[in-house]
> 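First the structure, then my questions, so here it is.
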Amino acid sequence: MINPKLKTMGEQFGRRSWAEPWKIKMVEPIRMTSREERQEGMEQAGYNTFLLRSEDVYIDLLTDSGTGAMSDRQWAGIMLGDEAYAGSRNFYHLEEAVQSYYGYRYVVPTHQGRGAEHLMSRALIKPGHYIPGNMYFTTTRVHQEIAGGTFVDVIIDEAHDPANLHPFKGNVDLDKLDELIKGVGPENIPYISLAGTVNMAGGQPVSMANVRALRGLCDRYGVRIYLDATRMVENAFFIQEREEGYGDKSIAAILIEFCSFTNGAWMSAKKDNLVNIGGWLAVNDSDLFDMLRNMVVVYEGLHTYGGMAGRDMEALAIGITEAVNDDHVRSRIEQVRYLGDLLTNWDIPIVKPVGGHAIFLDAKSIYSHIPQDHFPAQTLAAELYLDSGIRGMERGIVSAGRDPKTGDHRYPALELTRLAIPRRVYTQAHMDVTAESVKAVYDAREQMRGMKMVYEPKYLRFFQARFEHIT
Ligand code: PM9
C-alpha cells in the first residue's frame with residue numbers, strides 16, 4: 001500500500017490541505033533563549049532534556065503526554081467537579097464514556113497510565129511468567145519485570161527497520177508468538193501485551209486483520225489479550241486510511257471493533273484522551289475487575305476516583321468523546337506528517353512511514369560515526385536544544401535500559417530522537433521552525449562526538465541520567 005517511489009506522505013495519500021477543526025481562545029507566551037543561556041541550562045541538566053526547566057524551552061516536543069490543550073467544553077467540565085470522596089458523579093460520566101467508546105464492561109480509574117500498568121501487572125503476572133508484546137514500552141515493561149515477568153518482543157521484524165515502509169509496522173508476528181507459546185506453555189503467559197500504536201517503533205499501527213488473527217491464535221491456547229490503548233484512536237485513523245473495507249467507517253466504529261478483539265485495556269489518558277492527567281483500566285472479566293477494584297484502593301485511591309480529582313474525571317469523560325472526532329484525529333496526524341514531509345524533502349533520515357504522535361529522527365544513521373554506547377540519540381536531542389531551544393527525547397539505548405539478568409546495556413536496533421507533537425498546541429509555523437533547526441543540526445552532524453553517562457539511576461534511567469561530552 002505504501003509506494004516507495006513517492007517520497008512524502010502527502011504524495012502517498014494525495015495532498016489536500018487540511019486545517020485544525022478549532023480556533024485558539026487562550027495563549028501561553030513562550031520565549032526563545034540565547035545560545036549562552038541554553039548552553040548553561042543544558043550543562044545544569046546533565047545533557048538530559050528531562051532535566052531542563054520548561055521555562056527555558058522554546059518549542060516543547062519532549063512528549064505528547066499531558067501536554068495537549070483542553071477544549072472550552074473540557075474547561076467548563078472542570079467547573080462541574082464533584083469532589084465527594086466516594087461516588088463522584090464525574091466517575092459515572094467517565095465510566096459511561098469508556099464503556100461507550102471502548103466497549104469494555106468494567107472500569108477502574110487510575111492517576112495515569114503507569115498506575116494502571118502497575119495494577120494490571122501485579123494482578124496477573126507471577127514470577128517466571130512471560131509477557132509477549134509488540135515491542136516494549138519503558139513504563140509497561142518495568143512494571144512487568146517488577147512483578148517477576150519477562151517481556152518477549154514478538155513484533156514483526158519490519159518494525160526494527162526505520163526505513164521499511166510496511167503500513168502496519170506495529171503488527172504482531174504470529175509465528176514468533178506461536179513459537180513462544182509452544183516453548184514456554186500457555187499457562188506461563190498471563191496475557192499478550194498489545195499496544196496500538198507502538199510508541200517505541202515510531203507510533204506505528206496494528207491492523208484490524210492482525211488483531212483479529214491474534215484473537216484466533218490466543219483463543220486456541222486460552223491466552224488473554226490486554227491492550228495498551230494509550231494511542232488507540234490514532235491507530236484507528238491508520239486503519240481507516242490504509243486497510244481495505246475501513247475507508248468509510250468512522251474512527252469511533254473502528255476503535256470499538258478493534259477493542260472487541262481484546263479482553264480489556266489500560267490507558268494513559270494524557271495522550272489520545274486529551275487531558276493533562278488521568279488514566280484508567282477496563283476489563284470484561286468480573287473476577288479480575290473485583291481484584292483490580294480492590295487493589296486500586298491500596299495504591300491509587302478509592303475505586304470511584306483512583307487518584308484523580310472529580311474535575312479531572314469530568315474533563316477526561318469529555319476528552320474521550322472529543323478524541324474520536326474524525327476531523328480532530330485527521331488534523332492531529334496531518335500536523336505530524338507535515339513536519340515529517342519537510343524533513344523528508346531534505347533527505348533527513350526519520351522513521352517511516354511517519355507514525356501518529358511524533359517524528360522519530362534516526363540518530364543511528366545521522367550520527368553513524370558515533371557508537372551506540374556513546375549515546376547518539378541523547379547527543380542529538382541535546383544538540384537540537386542547543387541550536388534552537390526545541391526539546392525532544394532520547395528513544396534508544398538509554399531508554400532501553402539494562403538487562404535485569406546480565407546488567408548489560410540493551411542495544412535496541414532503533415536509536416531514535418523523538419519529537420512528539422502535543423495535541424492542539426502548536427501551529428504549522430512552529431513545525432517550520434522545528435524542521436529548520438533539525439536541518440541545521442543535521443548539516444553539522446560530522447563535527448559531533450558522543451557522550452558518556454556519569455549518573456545512572458536504577459529504574460527508567462532515561463528520566464534522570466546525566467551525561468558529559470567525550471573530549
Ligand atoms: N508515554 C511518552 O512520552 C510519557 C512518559 S514515558 C517517557 O510517550 C504508553 C504507550 C505510553 C506511556 C507514556 C505509558 C505510561 C503507557 N503506555 O505516562 O504513566 O506512551 O500516563 O503512561 C509517555 P503515563
Side-chain angles (χ1 to χ4, degrees), residues 48-52 54 60-68 108-121 131 133-146 151 153 155 159 170 193-206 226-235 264-282 299-300 306-308 312 316 319 336 351 355-360 377-378 381 391-396 398-401 412 414 416-423 425 457 459-465:
N48 184 345
T49 51
F50 277 100
L51 301 178
L52 290 166
S54 91
D60 202 348
L61 307 183
L62 181 73
T63 177
D64 61 328
S65 178
T67 52
V108 178
T110 62
H111 79 281
Q112 63 181 83
R114 70 200 74 173
E117 291 171 335
H118 172 219
L119 298 184
M120 190 66 114
S121 307
I131 305 93
N134 53 346
M135 201 172 273
Y136 86 98
F137 184 70
T138 53
T139 58
T140 318
R141 182 173 65 187
V142 84
H143 281 296
Q144 293 166 347
E145 287 174 352
I146 289 170
F151 176 83
D153 188 7
I155 203 165
S193 182
L194 179 72
T197 58
V198 181
N199 191 349
M200 301 301 279
Q204 302 296 326
V206 178
Y226 286 107
L227 176 67
D228 181 338
T230 297
R231 298 185 183 84
M232 196 48 230
V233 167
E234 292 169 3
N235 198 109
W266 66 87
M267 181 73 180
S268 169
K270 302 170 72 171
K271 284 84 164 174
D272 266 1
N273 286 173
L274 298 167
V275 285
N276 304 124
I277 192 71
W280 48 262
L281 269 168
Y299 297 106
E300 300 278 313
M308 282 180 281
D312 297 332
L316 171 50
V336 178
V351 172
H357 66 297
I359 294 300
F360 289 73
Q378 189 78 33
R391 166 156 78 167
M393 180 197 292
E394 196 268 5
R395 298 275 76 168
V398 185
S399 298
L414 298 173
L416 309 170
T417 303
R418 187 184 76 173
L419 306 176
I421 314 297
R423 294 165 185 78
V425 171
Y459 297 112
L460 301 174
R461 63 184 182 177
F462 59 94
F463 282 129
Q464 293 156 334

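First listed ligand is number 1; within each ligand, the first listed atom is number 1.
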> Given side-chain contact (heavy atoms from CB on, under 4.5 Å), test D312 with H111 step by step and report yes or no.
CA-CA 10 Å; D312 297 332; H111 79 281; over 6 Å; no
> What protein heavy atom sits nearest atom 21 (O) of ligand 1, and how far off is it?
S268 OG, 2.7 Å
> Taking only non-hydrogen atoms of R395, do any sit less than 4.0 angstrom from ligand 1?
yes
> Short list, please: which atoms of ligand 1 are under 4.0 Å from a heavy atom of S65?
4 (C)
> Looking only at distances, can you tell me whether any N or O atom of N199, backbone or side chain, sits closer than 3.5 Å to an N or O atom of ligand 1?
yes
> Just to be sure I read this right, does ligand 1 sit under 4.0 Å from the backbone of R114, its side chain, both, or neither, counting only heavy atoms?
both
> State, to 0.1 Å, how close R391 and T49 come at their nearest heavy-atom pair, and which atoms those are.
NH1-O, 2.9 Å
> Considering only the protein, which heavy-atom contact is closest to atom 1 (N) of ligand 1, and what is its distance?
K271 NZ, 3.0 Å
> Would you say L62 and ligand 1 have an N/O pair spaced under 3.5 Å apart?
no
> For atom 16 (C) of ligand 1, what is the nearest protein heavy atom, given as residue, atom name and distance?
E117 OE2, 3.1 Å
> With a cut-off of 4.0 Å, which atoms of ligand 1 are near a heavy atom of T63?
2 (C), 3 (O)
> Shortest non-hydrogen contact from A420 to A358?
CA-CB, 3.6 Å
> Return the minimal non-hydrogen interatomic distance between N199 and F360, and the atom names on each side.
O-CZ, 3.2 Å
> Please state which protein non-hydrogen atom is closest to atom 24 (P) of ligand 1 and give its distance, to 0.1 Å?
Q112 NE2, 3.2 Å
> Heavy atoms only, cut-off 4.0 Å: how does W266 contact ligand 1, side chain, backbone, both, or neither?
neither
> T138 to ligand 1: N or O pair under 3.5 Å?
no
> Determine, step by step, whether Y136 and S399 satisfy the side-chain contact (heavy atoms from CB on, under 4.5 Å) criterion, reporting the C-alpha distance in whole Å, the side-chain angles of both residues, the deciding distance to 0.1 Å, and the verdict.
CA-CA 10 Å; Y136 86 98; S399 298; 3.9 Å; yes
> Please report the closest heavy-atom contact between P422 and L61, naming both atoms and the distance.
CD-CD2, 4.0 Å
> Has H357 got any heavy atom lying under 4.0 angstrom from an atom of ligand 1?
no
> Is the positively charged end of R395 above the ring of F462, judged by distance under 6.0 angstrom from the centroid and angle within 45° of the axis?
yes
> Heavy atoms only: give me the nearest S268-S65 pair and the separation to one decimal.
OG-OG, 4.4 Å
> Ignoring hydrogens and angles, tell me if any N or O in the side chain of T197 forms a donor-acceptor pair with the backbone of N235 under 3.5 Å.
no
> Does ligand 1 come near enough to R418 that some N or O of the ligand is less than 3.5 Å from an N or O of the residue?
yes
> Passes salt bridge (Lys or Arg N to Asp or Glu O under 4.0 Å), D64 versus K271? Steps please.
CA-CA 6 Å; D64 61 328; K271 284 84 164 174; 5.9 Å; no
> Within ligand 1, which atoms have a heavy atom of K270 less than 4.0 Å away?
21 (O)
> Flag D228 as yes when one of its N or O atoms lies below 3.5 Å from any N or O atom of ligand 1, and as no otherwise.
yes
> Going by the atom numbers of ligand 1, which of them fall below 4.0 Å from some non-hydrogen atom of F462?
7 (C)
> If you measure from CZ on F463 to CG on L51, what distance do you get to the nearest 0.5 Å?
11.0 Å
> How close does the nearest protein non-hydrogen atom get to atom 15 (C) of ligand 1, and which residue and atom is it?
T139 OG1, 3.4 Å
